[in-house]
2 protein chains.
Amino acid sequence: MSVTIKDVAKAAGVSVASVSRALNGHDNVTPATRERIMAIAAELRYMPNGAARSLITRRTQTVGALLPDLHGAFFSELIRGIDLAARQRGLHLLVSSSHGSPDETGAALRAMLGRVDGLLLMSPHADDDFLATHLPPALPTVLVNTWLGNGQHSSISVDNHGGAVTMVEHLAGQGYTRIAFIGGPAHNYEARERLRGYREAMARCCPGVEPLIYAGDFTEEAGHAAGCLAVAQRPQAVFAANDMMAIGCLAALHEAGLRVPHDMALAGFDDIPMARYLTPPLTTMRIPIAQIGEQALQDLVLAIDPPEHFATSARTTPTELVVRASSEAGRAD
Amino acid sequence: MSVTIKDVAKAAGVSVASVSRALNGHDNVTPATRERIMAIAAELRYMPNGAARSLITRRTQTVGALLPDLHGAFFSELIRGIDLAARQRGLHLLVSSSHGSPDETGAALRAMLGRVDGLLLMSPHADDDFLATHLPPALPTVLVNTWLGNGQHSSISVDNHGGAVTMVEHLAGQGYTRIAFIGGPAHNYEARERLRGYREAMARCCPGVEPLIYAGDFTEEAGHAAGCLAVAQRPQAVFAANDMMAIGCLAALHEAGLRVPHDMALAGFDDIPMARYLTPPLTTMRIPIAQIGEQALQDLVLAIDPPEHFATSARTTPTELVVRASSEAGRAD
DNA sequence: TAGCATTTTGGAAACGTTTACATTCGGACA
DNA sequence: TGTCCGAATGTAAACGTTTCCAAAATGCTA
């Protein structure tokens, strides 16, 4: 079959122990034999078997990333950030998406056991119960965008609430007061946080103005539907809980002959690549996704090899307001 | 440390063999003992060690994907397609990017040995030499977007040449004859194929018209620079080798006050998500990326478990012309 | 040259599974 | 009641490494 360390040992006329030592750069082996072994190994195209190696060393040099989905720019960026940081440390990346039931997610998680040194977990099912049931206690884990109170695991997530507050403040600062909001899926934690920020900031920045909330689900279609409602109700500005809905809304406004921002301002959330190419370019909150991925991996590495006084971290990453033409100060109605 | 099969065996008062049989659903075990074992295993939260298991079974239930990079919509979609098909078959995905030297790529490849059942390889370095040196002969491999003549491995790639031909034919059909081309990086195989298609189609569809080629490198900036040249030279249409350059070009045309397509038509290649949201929406060639990923994985599965009469496949996936406003028939100069 | 310290090498255990083979255990049948 | 048979279970080898420990080889000093 495949060439093993035994084959190399036999060909070199030494024991497997010596081959192992030579190949792993230990110093207790004569330069002469080391060279001979290296030469033979190269000639035979010997490549060590990862499974066997990690079985004995209890290290896989691999981290797992369990994500709810792989669709869209968000996960793409996240994976890129994770991969970037992993490569720098010589780690590999075992990804798995599991947009299914908690059980399915648990199965995916279980299958990673013994193949990864640690886990980056981002899952809508990842509550205390789930983790207690499916997560092996010995597996270092970092929770991404998944809130959890107990300091059991490190976690890192986006400051959705703060970002929404900032955006409302910005719009209010531009002179808009009747600001509508297009919400995300009700069960989505991030969507709820953004809504909460909107509500809070409205109460503070635009006192006396009744919050105006359109239901949505993060899709372009939902944004379009909300946009049609906005055309009828004429808020001064619309703040969509994500950019895709802002895009849908923008289309609806254009169809109705409204000019943005002159007739109605518009803002989104996420700063997807498309945002700056829209007409007009979209004001939005930028999420440093790749950076979050990098930080998550760094925290995971820390959890895998805990230093002297290790404590889990709980980060919330700030978002950045990106002002573009869609929220320029317009005519105050 | 972690709970092993031995712990379960001891707790259940049986041998490890019985535990293994019970857990793997073999039929030669009494329902009574099976149940007892299952219960104890659940109680102890036993989860089999993947490394140990794959060492003995010689199966990892994992495929590797070695990509040049993880940046951008292309790889995101590709990974999604691969993951989709992998999940359907209960396979996991070990991804690795290696936008570095051939040696680095080789090292990444080597590290996958023993951890994957097969490999999806997409690398600019993947020529015959490279494969002979770094690829273990026993590792089933599918080459993605990487041309290779010998039928050693299955391969799947995009019909870049055909796509470019189709686009030129479309533009010519719209009445444009002086069609310029913005090329990609000279060393890039896909870019070269698209250029070749442009040249060939121009000779056939627009005889007598000298091909007009602007240098580019697939970036928006390069597209902008080329667009500035186009403003001066006034071809009737510009065909960019990818959408990002088309976007840059579009910006340059707008800055110069040119209307698209009235003053100059524009087309791209790739159909990135952004393309349909531009003003005007961009005509482009759609690449079924996710589908390619799925197909690649399916071919890999075939190579891993070869049926009776297995032969490597060499697919080229057709691209699809997506006509939008940027290439509408304009005024013939 | 003998004795000792040190370096280099080899033998074998260990990692956690699966599985071929041997063993035991019931029970049916003569 | 003894024999035989099939099913259930246990024993141990195997997978390919790394590493502990013992053994051998080497160099040095007396």
Side-chain angles (χ1 to χ4, degrees), chain A residues 1-38 40-41 44-62 110-117 136 138-139, chain B residues 1-38 40-41 44-62 110-117 136 138-139:
Chain A
M1 201 39 134
S2 197
V3 33
T4 79
I5 198 173
K6 281 185 187 170
D7 301 321
V8 179
K10 196 170 297 177
V14 295
S15 72
V16 292
S18 293
V19 177
S20 176
R21 281 187 287 253
L23 260 35
N24 288 308
H26 295 196
D27 51 356
N28 49 356
V29 46
T30 317
T33 51
R34 152 167 289 128
E35 249 171 68
R36 185 157 41 93
I37 290 173
M38 299 291 257
I40 300 231
L44 259 46
R45 293 237 158 65
Y46 166 69
M47 308 181 188
N49 180 300
R53 191 199 280 243
S54 50
L55 179 58
I56 185 77
T57 60
R58 319 190 125 273
R59 270 308 168 84
T60 61
Q61 308 296 349
T62 303
R110 209 159 316 133
M112 286 194 167
L113 205 74
R115 305 188 198 284
V116 299
D117 294 334
L139 186 64
Chain B
M1 204 34 135
S2 196
V3 34
T4 78
I5 198 173
K6 281 185 186 169
D7 302 320
V8 178
K10 196 170 297 176
V14 295
S15 71
V16 291
S18 293
V19 177
S20 176
R21 283 188 284 253
L23 260 34
N24 288 307
H26 293 199
D27 52 355
N28 49 356
V29 46
T30 315
T33 51
R34 151 168 291 128
E35 249 171 68
R36 184 157 42 95
I37 290 173
M38 300 291 256
I40 299 231
L44 260 45
R45 291 231 157 67
Y46 166 69
M47 309 182 188
N49 181 301
R53 189 197 281 242
S54 51
L55 179 59
I56 185 77
T57 60
R58 319 188 128 273
R59 269 307 168 85
T60 62
Q61 308 295 351
T62 302
R110 210 160 317 140
M112 286 195 168
L113 206 73
R115 303 187 197 284
V116 299
D117 294 334
L139 186 65

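Straight-line distance from the NZ atom of B/Lys6 to the P atom of C/dA14: 8 Å, rounded to whole Å. In this structure, the CD1 atom of B/Ile56 is 14 Å from the P atom of D/dT17, given to the nearest Å. Spacing between atom CZ of A/Arg34 and atom P of C/dT8 amounts to 10 Å, rounded to whole angstrom units. Residue A/Leu113 contributes atom CG, which lies 14 Å from atom C1' of C/dC15 at whole-angstrom precision. Regarding A/Arg36, its CZ atom lies at a distance of 11 Å from the C1' atom of C/dT9, rounded to whole Å. The CG atom of A/Leu55 sits 12 Å away from the C1' atom of D/dA14 (whole-angstrom rounding). The NZ atom of A/Lys10 sits 13 Å away from the P atom of D/dT17 (whole-angstrom rounding).
In this structure, B/Ser18 and B/Thr33 have side chains that are not in contact, with every pair of non-hydrogen atoms separated by 4.5 Å or more. Annotation: side chain of B/Ile5 is in contact with side chain of B/Ser20 (closest heavy-atom distance under 4.5 Å). For the pair B/Tyr46/B/Ile40, no side-chain contact is recorded, criterion being any heavy-atom separation below 4.5 Å from C-beta on. Between B/Val19 and B/Val14 the shortest side-chain heavy-atom distance falls below 4.5 Å. Side-chain contact between B/Lys10 and B/Asp7: absent, with no pair of heavy atoms (C-beta onward) separated by less than 4.5 Å.
Within residues 20-33 of chain B, the residues having any heavy atom closer than 4.0 Å to DNA chain D are, in order of number, B/Arg21, B/Asn28, B/Val29, B/Thr30, B/Thr33. Annotation: proximity of residues 44-53 of chain B to DNA chain C (heavy atom, distance under 4.0 Å) is found for B/Tyr46, B/Met47, B/Pro48, B/Asn49, B/Ala52, B/Arg53, numbered in ascending order.
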inquiry  = Between B/Asn49 and A/Leu113, is the side chain to side chain contact (heavy atoms under 4.5 Å, CB included) condition met? List the steps.
reply    = CA-CA 6 Å; B/Asn49 181 301; A/Leu113 205 74; over 6 Å; no
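Between the OG atom of A/Ser54 and the CZ atom of B/Arg115 there is a distance of 4.5 Å, given to the nearest 0.5 Å.
Between A/Ser18 and C/dT9 there is no side-chain polar atom (N or O) within less than 4.0 angstrom of OP1 or OP2. OP1 or OP2 of D/dT18 has not a single side-chain nitrogen or oxygen of A/Arg58 nearer than 4.0 Å.
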